[in-house]
Amino acid sequence: MLPQTASIFSNPWNADLFPAGEKMGSIGEKGWVSRIVQTFQVGVWPWFGTSEDAMDDMMPLGRGTLIQRPVEGEPGSSGGPEQVPGPGGAREVPFYHLPVLMNEVLEALEPAPGKLIFDGTLGGGGHTEALLQRGARVVAMDQDDEALRHAGERLKGYADRFCALKGNFRDFPTVLGEAGVTGLDGMLIDIGVSSRHLDAAERGFSFNKDGPLDMRMDTSGPITAADIVNTYEQGALEQILWKYGEEPQARKIVKAILAERAKTPIKTTLQLAELISKVCPKYSKRHPATLTFQALRIETNQELAALEAFLAAAPKWLKPGGRLAVISFHSLEDRVVKHAFHHQSQVWLDRPEWPEPKRNPDCFYRLLSRKPKEATENELSLNPRARSARLRGVERLPA
Ligand SMILES: C[S@@+](CC[C@H](N)C(=O)[O-])C[C@H]1O[C@@H](n2cnc3c(N)ncnc32)[C@H](O)[C@@H]1O
């Protein structure tokens with residue numbers, strides 16, 4: 001089997017994606033949009049009004065796919081319960097994920113009453129909740145059903161200003177367009193997996209816990225990590241480990257995978273982790289399977305392609321003065337964000353072969369800061385997972 005398409009756009013920064021004169025926030029006429037429309041569904045927006053009282057207890061998961069809110073918490077989370085402050089007083093919900101760089105997100109997005117903010121990675125709902133607490137309206141997305149259920153329960157007190165929709169943030173223009181949104185005051189994506197993904201052995205993300213080698217954030221996704229490991233050709237597997245894991249031992253690991261799968265399919269996380277440990281003995285604190293697992297996760301979920309598509313589409317949706325914040329957790333993602341923001345904030349472009357500099361048609365932003373924001377010592381003492389988090393932010397220039 002060949003790898004999934006690396007990106008739906010050959011050049012995500014191509015201004016051609018957004019035909020001149022197209023209304024900011026509207027859906028483009030390109031073929032890729034109609035492809036997505038067929039597969040995506042949009043839910044009911046509480047603040048747009050619904051005549052059906054029965055929907056009070058529902059959370060939109062897709063057009064015609066409202067799900068009943070869970071009555072009690074959900075099974076299977078590790079960690080203790082969280083105290084969640086809400087309009088109805090503090091409540092306990094099971095631990096799901098501790099949001100990172102909270103102060104930095106709030107500083108970047110400046111949530112306030114009347115503002116409409118898009119959170120493309122709802123997760124446990126921590127960032128969204130802080131935005132709601134400051135009076136903003138939030139429309140959120142996540143591709144993981146469990147995250148939507150958890151956050152829907154956590155944030156049910158904000159139903160008049162909050163809506164959660166199932167989907168991949170790469171498809172947000174279709175989803176928001178169908179819902180009638182034409183402009184946003186803020187956008188946030190906090191990419192990667194949640195603590196819940198790593199804690200839940202059955203999701204197959206952890207090399208420390210035995211589970212099916214799955215790694216899909218959207219469990220209806222077309223391909224699992226096991227499919228990749230057991231069916232991709234040698235060259236494609238090596239490419240993935242090089243490109244998405246920057247794994248220096250890629251060749252050695254792939255050779256071991258090929259030898260193993262010729263005998264028996266590699267079906268579980270520990271089966272793969274132990275195989276890698278055998279050929280790459282541990283030489284640092286990091287588990288030898290860390291980079292391979294990262295690479296497989298990125299390929300399974302097409303994470304970089306989703307990020308590129310999101311970054312290319314975002315400028316059309318931000319109102320002038322609107323802010324976009326992106327939190328990434330490894331250098332590969334941060335590099336994509338850094339390059340995109342750099343390109344999208346340059347007024348002039350120059351090349352040695354050009355007689356003179358040209359105006360950049362993709363200049364949409366002002367950088368909020370040159371360097372990314374990182375966790376403070378105080379945050380790190382409370383949440384060591386924040387160590388690799390980097391936040392980059394931009395502000396939309398007037399059109
Ligand atoms: C790091 S967590 C977000 C945590 C969240 N900010 C909070 O405060 O709890 C990442 C979440 O984004 C979701 N996710 C990752 N990539 C996504 C994508 N391309 N589209 C939609 N959701 C995505 C994951 O399912 C996960 O729930």
Side-chain angles (χ1 to χ4, degrees), residues 4 7-8 36 39-40 61-62 74 77 79 82 84 93-106 108-109 111 117-133 138-155 162 164-176 186-200 203 205 214-221 297-314 325-330 333 336-337 375 379 383 385-386 388-391:
Q4 304 179 72
S7 166
I8 56 169
I36 295 166
T39 55
F40 210 96
L61 264 189
E74 60 190 45
S77 341
E82 285 172 88
V84 173
V93 296
F95 175 76
Y96 197 96
H97 180 85
L98 198 56
V100 298
L101 301 176
M102 182 63 91
N103 291 336
E104 292 75 7
V105 166
L106 296 174
L109 296 183
I117 298 180
F118 171 71
D119 180 352
T121 50
L122 179 62
H127 285 127
T128 281
E129 182 166 67
L131 301 171
L132 290 165
Q133 281 167 352
V138 179
V139 55
M141 279 178 81
D142 203 293
Q143 59 181 331
D144 185 321
D145 293 326
E146 213 185 348
L148 289 163
R149 270 196 297 275
H150 174 92
E153 167 63 16
R154 174 180 186 159
L155 302 172
F162 165 66
L165 304 164
K166 177 167 179 172
N168 191 308
F169 60 63
R170 73 192 289 168
D171 302 330
F172 86 88
T174 310
V175 180
L176 298 192
M187 301 179 84
L188 168 69
I189 54 168
D190 170 16
I191 43 191
V193 286
S194 63
S195 302
R196 170 72 188 151
H197 283 134
L198 299 171
D199 287 347
R203 300 299 298 270
F205 287 99
D214 191 317
M215 298 197 192
R216 287 170 304 170
M217 292 187 219
D218 175 353
T219 50
S220 64
R297 197 198 85 199
I298 292 175
E299 173 68 8
T300 303
N301 297 288
Q302 290 291 290
E303 291 176 37
L304 293 184
L307 177 60
E308 288 172 356
F310 172 85
L311 292 172
V326 180
I327 301 175
S328 57
F329 282 87
H330 54 77
E333 293 165 342
V336 172
V337 181
E379 177 170 2
N383 184 10
R385 185 178 174 264
S388 45
R390 303 280 180 277
L391 180 147

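For the numbers below, each heavy atom of this structure counts, side chains included, while hydrogens, waters and symmetry mates do not. In listed order, ligands and their atoms are each counted from 1.
Nearest residue to atom 24 (C) of ligand 1 from T121, D144, V193, D142 is D142 (criterion: closest heavy atom). Ranked by closest heavy atom to atom 5 (C) of ligand 1, the top entry among L122, L148, N301, D218 is L122.
Contact between R170 and ligand 1 is absent, with no heavy atom of the residue lying under 4.0 Å from the ligand. At least one heavy atom of H197 sits less than 4.0 Å from an atom of ligand 1. Look at H97 and you'll find a heavy atom under 4.0 Å from some atom of ligand 1. Between G167 and ligand 1 there is a heavy-atom distance shorter than 4.0 Å. Look at L307 and you'll find every heavy atom at least 4.0 Å from all atoms of ligand 1.
Salt bridge present: R216 and D214 bring a charged side-chain N and a carboxylate O closer than 4.0 Å. The pair D144-R196 does not meet the salt-bridge criterion, since no charged nitrogen lies less than 4.0 angstrom from a carboxylate oxygen.
Those atoms of ligand 1 with a heavy atom of P99 less than 4.0 angstrom away are 8 (O). Of all the atoms in ligand 1, the ones that sit under 4.0 Å from a non-hydrogen atom of G125 are 7 (C), 9 (O). Close contacts between ligand 1 and G120 involve ligand atoms 21 (C), 22 (N) [criterion: under 4.0 Å to a heavy atom]. Less than 4.0 angstrom separates some heavy atom of G126 from each of these atoms of ligand 1: 7 (C), 8 (O), 9 (O).
Distance CE/M102 to CG/L106: 6.0 Å, rounded to 0.5 Å. Expressed to the nearest 0.5 Å, how far CD of E299 lies from CZ of R297 amounts to 12.5 Å. In this structure, I189 CD1 and R170 CZ are separated by 12.0 Å, a value rounded to the nearest 0.5 Å. Rounding to the nearest 0.5 Å places CG of D171 at 12.0 Å from NZ of K166. In this structure, CG on L176 lies 7.0 Å from CE on M187, to the nearest 0.5 angstrom.
When only non-hydrogen protein atoms are considered, atom 15 (C) of ligand 1 lies nearest to M217 SD, 3.3 Å. The single protein non-hydrogen atom nearest to atom 9 (O) of ligand 1 is G124 N, 2.9 Å, given as residue, atom name and distance. Here the protein heavy atom with the shortest distance to atom 19 (N) of ligand 1 is N168 OD1, 2.9 Å. Atom 16 (N) of ligand 1 has as its closest protein heavy atom Q143 NE2, 3.4 Å. Atom 20 (N) of ligand 1 has its closest protein heavy atom at F169 N, 2.9 Å.
At least one donor-acceptor pair closer than 3.5 Å links the side chain of H197 to the backbone N or O of S194.
Between M217 and T121 the shortest side-chain heavy-atom distance does not fall below 4.5 Å. The shortest distance between side-chain heavy atoms of V326 and L311 falls below 4.5 Å.
At a 3.5 angstrom cut-off on N or O pairs, D190 counts as close to ligand 1.
Partners of T128 under the side-chain hydrogen bond (donor to acceptor under 3.5 Å, both in side chains) rule, at least two apart in sequence or in another chain, are D119.
Proximity of H127 to ligand 1, defined as any heavy-atom pair under 4.0 Å, is shared by backbone and side chain alike.
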